[in-house]
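Structure first, then comments.
No hydrogens, no waters, no symmetry mates; every other heavy atom, side chains included, goes into these values. Fair warning: this is a prediction, and the values are worked out from it, not measured in the lab.
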Amino acid sequence: MDVRTFTVGPVQENCHIARRDGAREAIVIDPGEEADRLLEAIEALELEVKAILLTHTHFDHVGAVAPVARATGAEVWCPEIEVPVLADIMRYVPWAGFGPYESYDADHTVAGGETLQLAGLDIDVLFTPGHSPGHVTYWVPDEQTAFPGDVLFAGSIGRTDLPGADTATLMQSLATLLETLPDETVVHPGHMQDTTIGRERATNPFLAQLA
């Protein structure tokens, strides 16, 4: 699987453009900022974006949704619980100095348990709340690839000091990931570098209590 990661915006969020090796059809996960840069990459790679998938709707993950969707014609899949946030982004930005961001009305919703067939990929949707109320993880089993947003990072886990976050819920979501995803699964997180489930199971200090 070909995953191109673009670290965008002042919060250094990772937007991922993913496709099967050699394919033209692609998906975009969490376009947070710098729409022009993302669209230039899509054009340079000669890709046809079939879907925009959102793990959650914190502003740093959705700030470029509207312009990227408009330019590519791709429809947007959003966690069901968080649709109102995407529809009124600036209302939910917790700090001054960010934005303005254009809101967007989601085309589709996900809640966990679905399998999406997009861009030649079978994508399982896992409900992984805790960092945000409706957070989901996108897992492509036959490509051994997962996009957990801000739930799991290399050597760390998602923060729970934001509105709607909950530490116990996050830990349960992390347990679900460890139980569900094989060790060889490559993790493309919402911030920082890529990792694997096996590496995090073995070395992530925040997961020690789940071992």
Less than 4.5 Å apart, side chain to side chain, heavy atoms only: is that true for [X] and [Y]?
| X | Y | answer |
| --- | --- | --- |
| Val187 | Glu200 | no |
| Asp122 | Pro141 | no |
| Leu210 | Met171 | yes |
| Leu38 | Phe6 | yes |
| Ser173 | His135 | no |
| Thr160 | Asp166 | no |
| Tyr138 | Thr55 | yes |
| Glu33 | Tyr101 | yes |

- Query: Using a distance-only test with no angle check, is there a side-chain donor-acceptor pair under 3.5 angstrom linking Thr109 and Glu80?
  - Reply: no
- Message: Whether the Gln144 and Thr185 side chains hold a donor-acceptor pair (N or O, under 3.5 Å, no angle test) is what I'd like checked.
- Response: no
If I compare all heavy atoms of [X] with all of [Y], which pair ends up nearest, and what's the gap?
| X | Y | answer |
| --- | --- | --- |
| Leu177 | Pro148 | CD1-CB, 4.4 Å |
| Val76 | Val65 | CG2-CG1, 3.8 Å |
| Asp2 | Asp21 | N-OD1, 3.3 Å |
| Asp30 | Gly149 | OD2-CA, 4.4 Å |
| Arg159 | His131 | O-ND1, 2.9 Å |

- Could you tell me whether Arg70 and Glu102 make a salt bridge, using a distance below 4.0 angstrom between a side-chain N and a carboxylate O? yes
- Item | Presence of salt bridge, Arg20 and Glu25, under 4.0 angstrom | no
- So, for Phe98 and Phe59, is the gap between ring centers shorter than 6.0 Å?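 Yes, ring centres under 6.0 Å apart.
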Please answer whether the main-chain N or O of [Y] pairs with a side-chain N or O of [X] as donor and acceptor at a distance below 3.5 Å.
| X | Y | result |
| --- | --- | --- |
| Asn204 | Ser156 | yes |
| Arg24 | Glu46 | yes |
| Arg201 | Leu178 | yes |
| His56 | Ser132 | no |
| Thr7 | Gln12 | no |
| His16 | His188 | yes |
| Thr176 | Gln172 | yes |

Spacing of [atom1] belonging to [X] relative to [atom2] belonging to [Y], to within rounding of 0.5 Å:
| X | Y | atom1 | atom2 | value |
| --- | --- | --- | --- | --- |
| Ile89 | Ser103 | CD1 | OG | 4.5 Å |
| Arg19 | Lys50 | CZ | NZ | 15.0 Å |
| Leu118 | Leu53 | CG | CG | 6.0 Å |
| Asp150 | His58 | CG | NE2 | 7.5 Å |
| Gln193 | Thr5 | CD | OG1 | 11.5 Å |

- In terms of hydrophobic clusters joined by side-chain contacts under 4.5 Å, are Met1 and Ile123 together?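 Met1 and Ile123: one cluster.
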- Item | Same apolar cluster (I L V M F W Y, side chains within < 4.5 Å links), Ile197/Val186 |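 Not linked; separate clusters.
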- Which of Ile29, Val28, Leu86 passes side chain to side chain contact (heavy atoms under 4.5 Å, CB included) with Leu54? It is Leu86
